[in-house]
Amino acid sequence: MKKIVMAGATLALALTAGSAFAVNSLNAGTIGFNVGAAVDSQATFKEDLMINARYFITKDMAVLAGLGIAIAGGDAKGTDIAFMGGFRKYLKTDDLAPFVGGRVQYQSTQDSTQTAMAVMAEAGAEYFLAKQFSIEGRFGFGYASIEQKAPTFTPNKRTSIGTAAFGLGANFYF
């Protein structure tokens, strides 16, 4: 037990010492890119590859935009495309920067036989490991709608309100 407490204290000191020297780059005019993975709790979106960009209009407010594309090869058919837009308000701009925001996302999959749209609020935090690099975690809550069309699917449309997505990502700032 004593070794576990000592290891935890050492890790906490190392993280504190490391963040004392890491100054983040959250300033008006900063541009950032995010690469990450999200788990959709309602199976509405499948994020194959979405690159998100953000532009800080003030030190603690950013606008978001994202584009994703995936082309299936081999026996699989179809092209998936996704668009995302939104905003973020950072509650603090320290090395641990919690945020709240909102986003709208649209996705067309399997040659437009399935479309999905979501409007959600999000919350999370970024932790800066260096001035221009951070990791983040986020979750979303909101409205999601998915429509499936023939011939690939039996036509149907469903909507839901609830926890929409959980995501982890890496951020690079310029």
With rounding to the nearest 0.5 angstrom, report the CD1 to OH distance, I161 to Y143. 8.0 Å
Does the side chain of L26 come within less than 4.5 Å of Y90's, by heavy atoms? yes
CZ of F139: more than 12 outside heavy atoms within 6.0 angstrom? no
Residues 60-70, side-chain donor-acceptor partners within the protein, below 3.5 Å, at least two apart:
{"residue": "D60", "atom": "OD1", "partner": "T58", "partner atom": "OG1", "Å": "3.0"}
{"residue": "D60", "atom": "OD2", "partner": "K89", "partner atom": "NZ", "Å": "2.4"}

Value rounded to 0.5 Å, distance of OG1 in T30 from CZ in F56: 6.5 Å
Would you say the ring centroid of F33 lies under 6.0 angstrom from that of F172? no
Looking at every non-hydrogen atom in both residues, tell me the closest pair between V35 and I51 and how far apart they are. CG2-CD1, 3.8 Å
Reported CG-to-NZ distance for the pair N156 and K149, which is rounded to 0.5 angstrom: 12.0 Å
Considering only residues two or more places apart or on different chains, which pairs with a residue in residues 165-174 satisfy side chain to side chain donor-acceptor pair (under 3.5 Å)? N34-N171, R54-N171, R54-Y173, E126-N171, E126-Y173, S134-N171, E136-N171
In terms of hydrophobic clustering (I, L, V, M, F, W, Y; side-chain heavy atoms under 4.5 Å; direct or indirect links), are F87 and L91 co-clustered? no
Could you check if a side-chain atom of R158 sits within less than 4.5 angstrom of a side-chain atom of S145, using non-hydrogen atoms only? no
Output a table of donor-acceptor pairs, distance under 3.5 Å, between side-chain atoms of residues 115-124 and any protein atom two or more places apart or on a different chain; print 'none' if there are none.
{"residue": "E122", "atom": "OE1", "partner": "R103", "partner atom": "NE", "Å": "3.0"}
{"residue": "E122", "atom": "OE1", "partner": "R103", "partner atom": "NH2", "Å": "3.2"}
{"residue": "E122", "atom": "OE2", "partner": "R88", "partner atom": "NE", "Å": "3.0"}

Quick check: do F166 and L168 have side-chain heavy atoms less than 4.5 Å from each other? no
Q105 side, atom CD; M84 side, atom CE - distance, nearest 0.5 Å: 7.0 Å
Where do I57 and A28 come nearest, in terms of heavy atoms and distance? O-CB, 3.9 Å
